[in-house]
Amino acid sequence: MRKLCPALGLLLLYTPQSAFAQNSGSPSASELRELCAERPGLTTAACTVDPGHLQLEVGLADWERDKDPDERKDTLKLGDIQLRYGLAAQTEVQISWSAYVRTVTRDYQKHVLERAHGIGDLTIGLKQNLKHPQEKANGLAAGMLPYITLPTGTNQGGDGDWSAGLVVPLSYKFNDTLLLAVSPRAEAAVDEDRSGRHFAYGAAAGVQISLSDKIRMSPEVEIMRDRDPADVATLASAALSLAWRIKEMTQLDVQYVAGLNSDTPDVRLAIGISRKF
């Protein structure tokens with residue numbers, strides 16, 4: 001499974017579109033909404049997938065480093081999979097899961113090295129678009145995305161308990177070149193001791209700049225207030241991502257995220273692929 005899930009994303013590049021046609025009457029790519037992926041980026045898109053169609057978004061590799069004077073923690077995710085399926089004209093269901101999660105923790109005080117690997121938690125969400133379900137339309141786009149995360153992770157691959165939250169994706173498209181996005185979020189997040197929940201809230205904001213018909217750049221920032229009973233913290237990040245539309249319904253992406261304060265992981269790098277069928 002560890003090798004199969006990342007390879008699945010690469011396989012999408014070479015699979016003929018006709019192989020996924022549901023029937024002879026299925027619409028062509030030109031009749032579908034523009035591909036609108038939730039990756040890469042800190043913000044969440046307000047758009048939804050066409051009714052009856054599936055969109056697969058795969059994080060091929062995602063690495064994060066969190067270092068302080070006492071310890072350093074490296075987390076690697078492979079096969080970070082999100083399935084999005086259009087239920088109605090403005091409604092989609094989402095299922096997200098990490099096929100492989102590896103953590104390496106170095107304790108500088110005790111001179112101890114710990115390694116763990118397993119699978120990640122399962123997240124189920126339902127996105128309801130409120131205005132402009134497709135990315136092509138100029139003007140305001142809005143949606144609501146409630147979600148719940150189930151503790152399916154093993155060997156510290158997940159949070160250890162269930163959590164739930166709500167994202168409100170908002171964006172304003174000025175023209176074919178510039179889009180402003182904001183995503184407020186509130187969550188019943190899992191406590192640091194991996195049992196019980198606390199309130200966390202914040203927002204991500206950024207702009208999407210289309211450098212060409214196929215390449216888009218997105219600088220973003222995110223601030224979250226995490227009221228964990230063990231350590232109340234404010235997490236602040238800045239990110240830069242690039243998305244490259246290699247086919248009409250296929251996109252490659254890369255993202256760099258930097259922590260802006262000591263409460264936030266230092267750096268994160270991710271690459272992935274998205275495709276709509």
Side-chain angles (χ1 to χ4, degrees), residues 1-12 37-45 49 54-66 72-85 92-105 114-127 145-165 167 183 185 187-192 194-195 197 200 204 222 224 226 235 237 239 241 243 251-257 259 264-275:
M1 177 66 74
R2 299 174 195 165
K3 296 180 179 179
L4 180 59
C5 290
L8 178 61
L10 292 173
L11 211 63
L12 297 179
E38 291 195 346
R39 59 170 307 119
L42 303 178
T43 57
T44 301
V49 177
L54 177 69
Q55 188 160 309
L56 175 62
E57 303 184 17
V58 181
L60 301 176
D62 188 321
W63 168 77
E64 181 181 86
R65 183 186 69 199
D66 189 4
R72 167 177 166 170
K73 183 177 181 181
D74 292 88
T75 303
L76 175 66
K77 295 181 181 181
L78 301 176
D80 204 7
I81 301 168
Q82 182 181 54
L83 296 173
R84 300 169 58 192
Y85 182 78
E92 72 176 34
V93 63
Q94 301 182 354
I95 299 176
S96 305
W97 178 69
S98 295
Y100 178 70
V101 182
R102 182 176 187 267
T103 59
V104 178
T105 305
E114 296 182 355
R115 294 185 177 92
H117 61 88
I119 62 174
D121 291 336
L122 180 71
T123 299
I124 301 172
L126 184 69
K127 185 193 288 187
L145 175 57
Y147 62 90
I148 183 169
T149 299
L150 305 177
T152 59
T154 60
N155 299 327
Q156 301 183 33
D159 292 332
D161 205 343
W162 69 268
S163 62
V167 184
S183 298
R185 176 192 299 266
E187 184 176 28
V190 179
D191 292 346
E192 186 177 337
R194 300 173 64 83
S195 178
R197 278 152 295 283
E222 182 178 48
M224 292 290 296
D226 188 31
L235 288 75
S237 303
S241 60
Q251 172 185 287
L252 294 176
D253 65 73
V254 60
Q255 182 185 42
Y256 171 79
V257 184
T264 312
D266 302 283
V267 63
R268 178 180 165 221
L269 294 171
I271 58 172
I273 184 173
S274 303
R275 180 161 179 177

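Start at 1 with the first residue, then count along the sequence.
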task = Go through the steps for Val267 and Val257 under the test side-chain contact (heavy atoms from CB on, under 4.5 Å), then give the verdict.
result = CA-CA 6 Å; Val267 63; Val257 184; over 6 Å; no

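Among residues two or more places apart in sequence or in another chain, the side chain to side chain donor-acceptor pair (under 3.5 Å) test is passed with Asp159 by none. Judged as a side chain to side chain contact (heavy atoms under 4.5 Å, CB included), and not counting sequence neighbours, the contacts of Gln82 are Glu38, Glu57, Arg84, Gln94, Ser96. Evaluation of the side chain to side chain contact (heavy atoms under 4.5 Å, CB included) rule for Leu126 yields Leu87, Thr91, Val93 as partners, not counting sequence neighbours. With sequence neighbours excluded, no residue satisfies salt bridge (charged side-chain N to carboxylate O under 4.0 Å, His left out) with Arg185. The side chain to side chain donor-acceptor pair (under 3.5 Å) check on Arg72 picks up Asp74, with sequence neighbours excluded. With sequence neighbours excluded, the residues that form a side chain to side chain donor-acceptor pair (under 3.5 Å) with Arg268 are Asp62. With sequence neighbours excluded, the residues forming a side chain to side chain donor-acceptor pair (under 3.5 Å) with Arg197 are Asp161, listed by chain and number. By the side chain to side chain contact (heavy atoms under 4.5 Å, CB included) test, Asp266 is found to be paired with Arg65, Asp66, Lys67, residues two or more places apart in sequence or in another chain being considered. Every side chain to side chain contact (heavy atoms under 4.5 Å, CB included) that Thr154 has, sequence neighbours left out, goes to Ile119. Applying the salt bridge (charged side-chain N to carboxylate O under 4.0 Å, His left out) rule to Asp80 yields no partners; only residues at least two apart in sequence or on another chain are considered.
We find the CG-CG distance between Asp226 and Asp191 to be 9.0 Å, quoted to the nearest 0.5 Å. Here Leu269 contributes atom CG and Trp63 contributes atom CH2; the two are 6.0 Å apart, rounded to the nearest 0.5 Å.
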